[in-house]
Amino acid sequence: MSDSRISADENRRQVLYWRLLARLFDSDEQPSLEAASMAIVGDLGLPPALLDPAVSVDNVVQRFPELGAELQGLLAQEDGVAPASTDGHPPGREGEDDVAPATGDGHPPGEAEDDAASAPAGGHPPERTGAAEVRRAALVSKLLLNVFSTGTGSVSATDLARWQQDAGWFEQALGAEPGQLRSHPGGGELAGVLAGLEGDLVRRMRLREVLADSALAARLTPSMSLIEQLLRDKSNLSGVALANAKALIRRFVEEVAEVLRTQVEKTSVGVIDRSVPPKRVFRNLDIERTIWKNLTNWSPEDQRLYVDRLYYRQTARRTTPARLIVVVDQSGSMVDAMVNCTILASIFAGLPKVDVHLVAYDTRALDLTPWVHDPFEVLLRTTLGGGTNGTVAMAVARPKIADPRNTVMVWISDFYDNRALITDFEAVHRSGVKFIPVGSVNSSGHQSVDPWFRQKLKDLGTPVISGHIRKLVFELKNFLA
């Protein structure tokens, strides 16, 4: 292949990616880029609809079925990258940022410079490797533009359904199943971006009409943004719409609980009580210690160890249950933390020797302890929005402290509250209670916390926890152990 031909193919590919960037950041067409891209697509024997963002990926595949094979694993075939795993991470991106933007050299996200040629489709096989790379650039551009350029303004149920289908093709291009990345809690940064895009579309559409259609509601992907919308609007729902809303909330609760349960499952629930003599049964026999303590009774003549005393393991644990008091700010800015911590409280409530109490508040406080084992019921009883008055919640929570040294209080809020509340926090901390203030516990860790309270709590020796919910799980496990 001549250098001039390589340069021409590289230029064509860069034109397609520059057009993609232009359309992602500005919905208005750039005539020169559009004309050049149209000529490139025509030269490749690809359909012009590939450049029309108004035409869905699903619609293109329906018209040209042979393109479906090319889209499968399109972003997961570089350097032997394996398909996306069930942990929600896309291929080869576990624990990293999931998608990098197109670079100045014209390569799409995840594409290496020595890309292998893509399989031809549509009866127009590329003659050279460079042409195959240009063809691949056209297909990648279609996927990214249809998924990541969602526009503004109102959204219809048809628009949402079309985006979901296109997002499914994007997930298949990454080697995952349609909906796999969006529906998996904690599935990585890319999963969060896709869920956020879907949540934005949901906010811009008539949600009540969607919920009234069971078939359409079943296609919604439970996400934090969708759950927030449902919790805000639940009082206005009835009949089929309310039933579908509850089903979506329960699905989301169960999915998040499954993830959190794996982080909690090895939690200790007490320490060995040395004051209780060991039970003298065979299963408690400490063979190694028994042998060690009786080594002086070894008889060289008989080649035997004579045991005159048996030693047993102590297995009794302290029976005083640890008390976990969770206080949740249910104002609209704390939905993510509220949902995660409500579910986490229910998981700890299921452990032996852990007595869990749950209080939610805005300008009033509500004791939700009777329903703490069922986060679904708790969420249905919350009312998002309104003001914030932590003093009313403290008035409910403090009487629950019976044994301070055996109590942990988790306070979840953005702490834009009455400054006098710091006096209550100091008093609880001095009493011996383990006080854990939480500003945000979600996948992103981005949450605004009142700087004054943040500094005061840090000076108190109880810094505000922000970030992934694993941080809170770690603190609670350490306390219970």
Side-chain angles (χ1 to χ4, degrees), residues 1-25 29-53 55 57 60-61 63-84 90-93 98-149 166 169-175:
M1 185 188 301
S2 67
D3 291 341
S4 61
R5 179 62 181 177
I6 293 175
S7 177
D9 286 334
E10 184 63 23
N11 287 339
R12 293 198 301 166
R13 184 163 63 167
Q14 289 196 27
V15 166
L16 291 172
Y17 286 135
W18 278 117
R19 173 192 175 269
L20 169 64
L21 290 174
R23 294 300 296 264
L24 284 174
F25 291 102
E29 293 185 1
Q30 301 294 322
S32 58
L33 286 175
E34 292 297 328
S37 298
M38 186 65 71
I40 293 169
V41 167
D43 185 50
L44 292 169
L46 291 168
L50 211 62
L51 294 177
D52 187 353
V55 178
V57 177
V60 170
V61 173
R63 297 180 191 176
F64 307 93
E66 64 275 10
L67 291 178
E70 283 190 77
L71 294 175
Q72 298 278 349
L74 184 67
L75 298 174
Q77 52 185 299
E78 296 359 305
D79 302 322
V81 174
R93 301 283 180 178
D98 297 290
V99 171
T103 59
D105 63 0
H107 290 92
E111 182 176 11
E113 292 188 13
D114 56 346
D115 293 331
S118 301
H124 300 275
E127 297 178 359
R128 299 175 177 86
T129 301
E133 292 174 344
V134 178
R135 183 185 184 88
R136 182 177 182 278
L139 296 173
V140 169
S141 295
K142 178 62 175 175
L143 285 171
L144 296 182
L145 185 60
N146 276 49
V147 172
F148 292 99
S149 180
D166 287 352
W169 279 107
F170 177 66
E171 289 167 312
Q172 289 182 77
L174 287 166

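Everything quoted here is computed from the prediction, not taken from an experiment. No hydrogens, no waters, no symmetry mates; every other heavy atom, side chains included, goes into these values.
- With D166 contributing its side chain and V57 its backbone, the two residues share a donor-acceptor pair below 3.5 Å.
- Across all their heavy atoms, G68 and W169 have their closest contact at O-CZ3, 3.9 Å.
- Applying the side chain to side chain contact (heavy atoms under 4.5 Å, CB included) criterion to A49, with sequence neighbours excluded, gives V55, V60, R63.
- Side-chain atoms of R136 and E133, non-hydrogen and from C-beta on, never get closer than 4.5 Å to each other.
- Within the 4.5 Å cutoff, no side-chain heavy atoms of L144 are placed close to those of S149.
- Within the 4.5 Å cutoff, no side-chain heavy atoms of V61 are placed close to those of E66.
- Test V140, L139, N146 against K142 for side-chain contact (heavy atoms from CB on, under 4.5 Å) and you get one pass: N146.
- Not a single side-chain hydrogen bond (donor to acceptor under 3.5 Å, both in side chains) links Q30 to another residue, sequence neighbours left out.
- Listed for the D43 side chain is no donor-acceptor partner under 3.5 Å among the backbone atoms of A39.
- Side-chain contact check for L33 versus R23: every heavy-atom pair is 4.5 Å or farther apart.
- Here the closest non-hydrogen pair linking L143 and A173 is CD1-CB, 3.6 Å.
- Contact detail for R12 and I40: the closest heavy-atom pair is O-CD1, 3.4 Å.
- In this structure the side chain of L75 reaches within 4.5 angstrom of the side chain of F170, judged on heavy atoms.
- Here CD of Q14 is found 11.5 Å from CG of D9. Values are rounded to the nearest 0.5 Å.
- Among residues two or more places apart in sequence or in another chain, the side chain to side chain contact (heavy atoms under 4.5 Å, CB included) test is passed with S141 by L16, Y17, L20.
- What you find for A36 and V15 is that their closest heavy atoms are CB-CG1, 3.9 Å.
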